[in-house]
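The structure under discussion appears below in the form of structure tokens.
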There are 2 protein chains.
Amino acid sequence: MSNKRSRTLAERIRENFDELTRAEHQLADIILENYPVSAMGSITTLANASRVSTPTVARMARKLGFSGFPAMQIALREELEATISNPIAKHERFAESAPDTHILNRFAEAALENMRQSLKRIDPKTFDSVAALLSNSENDVYVAGGRITHTIAQYFFTHMQVIRKGMNLIDSGSSTWPHFVLNMNEGDVLVAFDIRRYERDLLRLAEMATARGVTLVLFTDQWGSPAARHARHVFNLRIEVPSAWDSSVVTLFLVEALLAAVQTNTWGETRDRVKSLEELFDKTKLFRKFS
Amino acid sequence: MSNKRSRTLAERIRENFDELTRAEHQLADIILENYPVSAMGSITTLANASRVSTPTVARMARKLGFSGFPAMQIALREELEATISNPIAKHERFAESAPDTHILNRFAEAALENMRQSLKRIDPKTFDSVAALLSNSENDVYVAGGRITHTIAQYFFTHMQVIRKGMNLIDSGSSTWPHFVLNMNEGDVLVAFDIRRYERDLLRLAEMATARGVTLVLFTDQWGSPAARHARHVFNLRIEVPSAWDSSVVTLFLVEALLAAVQTNTWGETRDRVKSLEELFDKTKLFRKFS
DNA sequence: AGTATATTGAAAAATATTATACACAGTTTA
DNA sequence: TAAACTGTGTATAATATTTTTCAATATACT
């Protein structure tokens with residue numbers, strides 16, 4: 001009897017089916033036939049589809065325990081939301097022993113939500129185009145970041161350098177970037193990271209580079225850096241976390257995914273380069289042997 | 001080119017995202033955030049949820065190619081109908097239009113799994129202890145990373161430098177690290193990142209530092225760096241992804257969570273530092289004004 | 001069969017929703 | 001620096017939706 005979760009509309013209809021009249025049966029059938037979409041439009045649409053009058057629909061909503069047709073619709077939407085909301089982890093408790101309010105869990109929730117939202121906004125076509133662009137070693141690639149994102153840019157650069165030749169990391173904050181622009185040729189690629197607060201220098205760099213025929217790939221946040229207007233491809237990422245700063249986790253994630261894609265595209269070439277690199281490391285004995 | 005099936009609302013939003021204005025971005029975010037339910041109510045509900053005016057919603061509907069808001073809603077319902085009646089589509093909720101085998105989705109799955117597994121292994125008590133350790137500005141903090149993790153170390157360092165004084169970043173790869181050890185005092189903290197393949201230098205640094213009474217906090221992978229035997233606190237993180245390299249996403253996540261915790265602990269002090277920093281930036285006009 | 005009761009839908013009233021007009025603020029351009 | 005433009009929200013008009021009223025019709029019961 002005392003069901004915590006409120007019953008669904010479908011359940012209510014089935015429970016009360018016997019109490020329903022002829023016209024209401026007709027209506028109920030239509031609702032269940034294409035549930036829940038058929039009941040998501042206007043009362044008139046539903047009435048017409050069921051070949052009953054609008055008052056019949058309103059009356060049935062009441063009969064099923066709602067205050068009126070709109071209330072029924074709201075309940076239906078909530079139902080739908082519960083059904084299709086992304087199942088991933090929403091109800092999983094991660095660091096189980098930590099209370100929900102612990103910063104670790106709050107941060108984890110936020111990070112996962114950022115990930116989910118960002119993925120929704122990434123167009124796989126864009127992703128593939130960018131991967132292809134970066135896989136073409138005919139053209140040079142320049143990488144630039146801002147104050148905070150510089151480390152992400154560096155991370156990207158470090159890995160890309162293993163994958164292919166023609167990689168350039170533009171120093172952050174320094175005034176040397178115009179020198180880099182001098183070397184850029186039409187068809188080259190500039191990968192820029194610009195998260196709020198957006199930096200003037202980066203906007204100028206983007207302007208000057210694109211003016212020279214360089215293709216700009218931009219990693220930015222959900223609000224969009226002003227450099228986006230110059231960009232061929234833009235990734236809008238979600239970066240909000242319970243902290244005074246923005247999160248770079250999703251940015252790093254996308255960078256890694258791109259690296260994986262490029263690496264796959266260029267495997268023949270990359271393989272040799274990785275091998276040579278390993279040999280170099282062996283010679284310098286930088287690493288410990290790993291069993 | 002000529003797509004038989006008409007584009008979904010989500011696709012339209014992504015395609016035209018660049019053409020959208022500030023308020024429209026806000027709106028688009030809300031629509032995508034809880035897609036498609038958030039847009040199934042009245043225009044007013046949606047406007048309020050997005051904190052924009054109703055005309056903005058109506059205008060965007062037009063901009064996206066619908067005759068008005070109701071038309072958009074009808075399209076959305078049809079979309080929903082198609083989705084619900086087609087169970088295969090249900091699994092594509094993630095990066096909707098990307099098939100499950102797309103690298104983006106495979107990578108996302110892996111990253112989320114890494115996150116989940118890592119969080120299970122993190123002891124909140126350890127986390128809190130480390131946060132407390134780093135919040136005590138009496139003692140200096142040294143940060144060191146390896147070839148790949150250096151960028152993460154740098155990220156951590158950059159933010160910590162804003163939060164507190166006494167931060168030191170040990171150059172990676174260089175042979176200067178013994179100089180840093182000279183300055184270390186008992187009670188100081190060394191935060192080290194050592195992911196496979198573990199680096200000899202880092203092990204030696206850990207040995208020498210702990211010998212001087214320094215507390216070692218180690219970020220490593222699930223197998224555990226050899227430096228772990230010297231560490232007071234160890235974070236074992238899951239780092240495997242479908243790629244030739246390991247993922248640093250979870251490492252970065254934990255670093256950010258720690259930053260948030262430390263920042264909360266030291267807010268009184270941090271606040272002033274952040275303020276001063278903002279003023280410095282204002283003077284240098286490095287950033288664009290952000291409204 | 002005749003009366004009472006329940007069901008139903010047309011029409012109108014009440015209410016909610018959506019679109020439009022317009023003014024203001026911020027930004028860009030000349 | 002002013003003028004033109006763009007984007008945005010408030011107020012309001014236009015439109016659609018929902019509810020109510022009420023008469024017509026069907027059904028049940030004596």
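The model shown is predicted, which means the values in this text are computed figures rather than measured ones. Computed over heavy atoms, backbone and side chain alike; hydrogens, waters and symmetry mates excluded. Throughout, protein chains are lettered first and strands after them, A, B, ... in sequence-line order, and every chain is numbered starting at 1.
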Of all the choices, [options], which nucleotide is nearest to the side chain of [X] once you look at every atom?
{"X": "Pro55(B)", "options": "dT18(C), dA11(D), dT19(D)", "value": "dA11(D)"}
{"X": "Thr21(A)", "options": "dG7(D), dT7(C), dG9(D)", "value": "dT7(C)"}
{"X": "Ser53(B)", "options": "dT10(D), dT18(D), dT8(C)", "value": "dT10(D)"}
{"X": "Phe69(B)", "options": "dT8(C), dA19(C), dT8(D)", "value": "dA19(C)"}

Inset, instruction - Answer yes or no on whether Arg12(B) is positioned over the face of Phe66(B), meaning its NZ or CZ is under 6.0 Å from the six-membered ring centre and within 45° of the axis. - result: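 Pair Arg12(B)/Phe66(B) counts as cation-pi.
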Legend entry - Under-4.0 Å side-chain N/O to phosphate OP1/OP2 contact, Thr54(A) with dT17(D):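 For dT17(D), neither OP1 nor OP2 has a side-chain N or O of Thr54(A) closer than 4.0 Å.
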Legend entry - dT20(C) OP1/OP2 closer than 4.0 Å to side-chain N/O of Arg62(B):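 So the side chain of Arg62(B) is within the cut-off, an N or O lying under 4.0 Å from OP1 or OP2 of dT20(C).
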Inset, instruction - Would you mind classifying the nucleic acid contact of Ser42(B) as base, sugar-phosphate or nothing, using non-hydrogen atoms under 4.0 angstrom? - result: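 Sugar-phosphate, backbone atoms only, no base.
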Could you state the atom-to-atom distance from [atom1] of [X] to [atom2] of [N] in whole Å?
{"X": "Leu46(A)", "N": "dT19(D)", "atom1": "CG", "atom2": "P", "value": "12 Å"}
{"X": "Met60(A)", "N": "dT18(D)", "atom1": "CE", "atom2": "C1'", "value": "16 Å"}
{"X": "Arg22(B)", "N": "dG7(D)", "atom1": "CZ", "atom2": "P", "value": "12 Å"}
{"X": "Ile43(B)", "N": "dT18(C)", "atom1": "CD1", "atom2": "P", "value": "6 Å"}
{"X": "Glu24(B)", "N": "dG7(D)", "atom1": "CD", "atom2": "C1'", "value": "8 Å"}
{"X": "Leu20(B)", "N": "dT6(D)", "atom1": "CG", "atom2": "P", "value": "16 Å"}
{"X": "Ile74(B)", "N": "dA16(D)", "atom1": "CD1", "atom2": "C1'", "value": "12 Å"}
{"X": "Gln73(B)", "N": "dA19(C)", "atom1": "CD", "atom2": "C1'", "value": "15 Å"}

Legend entry - Distance-only donor-acceptor test, Arg59(A) side-chain atoms vs dG9(C) base atoms, 3.5 Å: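 Between dG9(C) and Arg59(A), which were checked side chain against base, a qualifying N/O pair under 3.5 Å is present.
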Legend entry - Ser225(A): which of Thr220(A), Asn236(A), Leu202(A), Val234(A) passes side chain to side chain contact (heavy atoms under 4.5 Å, CB included):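 The residue from Thr220(A), Asn236(A), Leu202(A), Val234(A) that satisfies side chain to side chain contact (heavy atoms under 4.5 Å, CB included) with Ser225(A) turns out to be Thr220(A).
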Inset, instruction - Name the residue closer to the 5' end of DNA chain C, choosing between Glu19(A) and Pro70(B) according to the nucleotide with the nearest heavy atom. - result: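 Nearer the 5' end of the strand: Glu19(A).
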Legend entry - Thr56(A) or Ser67(B), whichever maps to the more 5' nucleotide of DNA chain C: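 The answer here is Thr56(A).
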Legend entry - Arg238(A) bridged to Glu113(A) by N-O distance under 4.0 Å: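 Salt bridge flag = no for Glu113(A) with Arg238(A).
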Legend entry - Ser42(A) side chain to Thr45(A) backbone, donor-acceptor under 3.5 Å: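 Judged by distance alone, yes, a pair lies under 3.5 Å.
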Inset, instruction - Classify the side-chain pair Glu79(B)/Tyr35(B) by whether it contains a donor and acceptor separated by less than 3.5 Å. - result: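 Side-chain D/A pair, Glu79(B) to Tyr35(B): present.
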